[in-house]
Amino acid sequence: MRPSIHTFHIPVMGLAYTIDTPVKVARYGISSVISIIEDNLIEKMRQHYYNLRGEFYQSISSKEDDHRAKRITDYLNLVQQMVKEQFEKLKDQPFTKGSEIVKYFEMLPMHHRLHRLFQTMMQCTEKTKKEKIEKILRSQLQPGSIDVNIMTKLDRNTLDKNGNIIVDNSDAVAALRGYAKSNLSNSSVVLSAGLNPRLFNYMEGLSSFDRNEDGTFNKKIIIKVSDFRSAYVQGKMLAKKGLWVSEFRIESGLNCGGHAFATDGYLIGPILEEFKNKRGSLHKELFEMYNQALSEKGKKNQTTAPSLSISVQGGIGTAEEDHFLRKHYGVDSTGWGTPFLLVPEATTVDDHTLNLL
């Protein structure tokens, strides 16, 4: 899978605001993040979309063994199926005004090579040349990724009838298992809210996060961090377990409107400057630890380091800000949250909250 054609993603917002955002935007190549920590909400979304599609809805009772993971797996598979169907339909549409395939290319940045090629095609009067460009454009289409978020600190234990803790069935661990068992590929799990050794230990035993022979990952790991130290500590902890962090997603507590996780008064600028200066050494050190861990586990050593992306989100909402952050600090992409709460075509926000915003 090629890198995302957009330089932004829609981050997780609350438990519900982006619960079905991929169904709304992924076919246009836009990546977004679903919160999977609240399985009761996910069960309601399963029922909603099965009924909407006219398909049989089989409830997954909270009394079933491993119900949290089962609900999450099935919902993610359902979302993927819907996005796949939407995308296949979009690919076959004609390049006529108002069609979804036209929207796909119109929403690309003006400077993007595919947007420029699309404009050339739309203005072309020579039939053969126009058909040739259309074919090229269709071959470059790709959906946005369906990513998930787990707040690692929301990790309540599950007890059996006798009041004993059920092993590997805490909230975060079960959510991770539900994601790992899903059919999602070219997807990422975004871990936020700090360290969770129990979750990291469980993740170590999952093959879903192993690197493929071609150097890609079907399921990638993204760590949301507030500063460089957090990235360094968590990246090392996972690398030593043979787990590769594909992206550090920076979110300053002072810059993000949805949180109050203020650090020692550092705004996003100095934080990004440190990442810019230390990115290369961090990449190198983590790869050495990762390879060492693979050797100790009897797995094949890697000759080339997997990619390590740096993104930033919080307080961003225009193309100009996105461009500045990528050019000045060298970040690979940005997350635009709050602006999309005002876009019903992208997020699910109740009327009362929308009016307040």
Side-chain angles (χ1 to χ4, degrees), residues 1-7 9 11-12 22 26 29-34 36 69 72-73 76-77 79-80 83-84 87 142-150 152 172-173 175-192 196 199-225 231 234-250 279 282-311 331-333 335:
M1 178 67 76
R2 298 182 295 270
S4 172
I5 61 170
H6 287 281
T7 58
H9 65 270
V12 65
I30 300 171
S31 299
S32 58
V33 188
I34 296 172
I36 59 170
I72 291 167
T73 299
L76 295 178
N77 289 346
V79 170
Q80 184 192 45
V83 170
K84 181 180 178 182
F87 186 66
Q142 65 181 61
S145 63
I146 304 168
D147 300 329
V148 304
N149 173 251
I150 298 174
T152 59
V173 170
L176 180 66
R177 180 165 58 252
Y179 170 69
K181 288 186 174 182
S182 74
N183 298 329
L184 293 180
S185 59
N186 189 45
S187 170
S188 301
V189 58
V190 183
L191 302 178
S192 62
N196 184 334
L199 186 67
F200 288 1
N201 289 338
Y202 183 78
M203 183 180 279
E204 183 179 4
L206 298 175
S207 60
S208 307
F209 300 99
D210 288 349
R211 195 181 189 189
N212 299 320
E213 286 293 327
D214 63 358
T216 62
F217 292 90
N218 291 332
K219 290 181 169 68
K220 294 173 283 188
I221 300 169
I222 296 175
I223 303 290
K224 192 189 290 187
V225 297
Q234 294 187 72
K236 280 175 57 178
M237 185 176 289
L238 288 168
K240 288 177 179 178
K241 294 179 180 297
L243 295 166
W244 183 256
V245 177
S246 294
E247 180 183 329
F248 288 112
R249 190 159 285 182
I250 307 161
R279 179 176 182 170
L282 176 66
H283 196 175
K284 182 175 182 291
E285 188 171 348
L286 292 183
F287 180 55
E288 290 172 354
M289 293 179 182
Y290 175 67
N291 244 349
Q292 178 63 32
L294 294 182
S295 296
E296 292 172 359
K297 291 173 178 291
K299 295 183 178 181
K300 185 179 178 181
N301 269 27
Q302 307 290 316
T303 55
T304 57
S307 63
L308 175 62
S309 297
I310 304 294
S311 64
V331 298
D332 300 289
S333 61

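Please read all numbers here as calculations on a predicted model, not as lab measurements.
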Sub-4.5 Å side-chain heavy-atom contact between [X] and [Y]:
X: Phe209; Y: Val189; value: yes
X: Trp244; Y: Leu294; value: no
X: Lys224; Y: Val12; value: yes
X: Ser182; Y: Asn77; value: yes
X: Val33; Y: Ile222; value: no

Mind checking the [atom1]-[atom2] spacing from [X] to [Y]? Nearest 0.5 Å is all I need.
X: Leu176; Y: Tyr202; atom1: CG; atom2: OH; value: 7.0 Å
X: Leu243; Y: Lys220; atom1: CG; atom2: NZ; value: 15.5 Å
X: Phe87; Y: Gln80; atom1: CZ; atom2: CD; value: 13.0 Å

Can you name the salt bridge (Lys or Arg N to Asp or Glu O under 4.0 Å) partners of [X], sequence neighbours left out?
X: Arg177; value: Asp66
X: Lys297; value: Glu204
X: Lys299; value: Asp210

task = For Phe248, check ring pair (Phe, Tyr, Trp, His ring centres under 6.0 Å) against everything at least two apart and list the hits.
result =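 Partners of Phe248 under the ring pair (Phe, Tyr, Trp, His ring centres under 6.0 Å) test: none.
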Of all residues at least two apart in sequence or in a different chain, which pass the side chain to side chain donor-acceptor pair (under 3.5 Å) check with [X]?
X: Ser192; answer: Asn149
X: Ser31; answer: Ser145
X: Lys300; answer: none
X: Asp214; answer: Thr216

message = With no hydrogens and no angle check, just 3.5 Å: does a side-chain donor-acceptor pair link Gln292 and Glu296?
response = yes
Taking only residues two or more places apart in sequence or in another chain, which ones pass side-chain contact (heavy atoms from CB on, under 4.5 Å) with [X]?
X: Ser208; answer: Ala180, Lys219
X: Ser309; answer: Glu247, Asp332
X: Thr152; answer: Leu191, Ala193, Asn196, Leu199
X: Ala293; answer: none

[Y] backbone acceptor or donor facing [X] side chain under 3.5 Å:
X: Gln234; Y: Ile223; value: no
X: Asn291; Y: Asn301; value: no
X: Ser187; Y: Ile146; value: yes
X: Tyr290; Y: Leu238; value: no

query = What are the two closest non-hydrogen atoms of Phe217 and Pro306, and how far apart are they?
reply = CE1-CB, 3.8 Å
query = Does NZ belonging to Lys241 count more than 12 external heavy atoms closer than 6.0 Å?
reply =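 Enclosed: over 12 neighbouring heavy atoms sit under 6.0 Å from NZ of Lys241.
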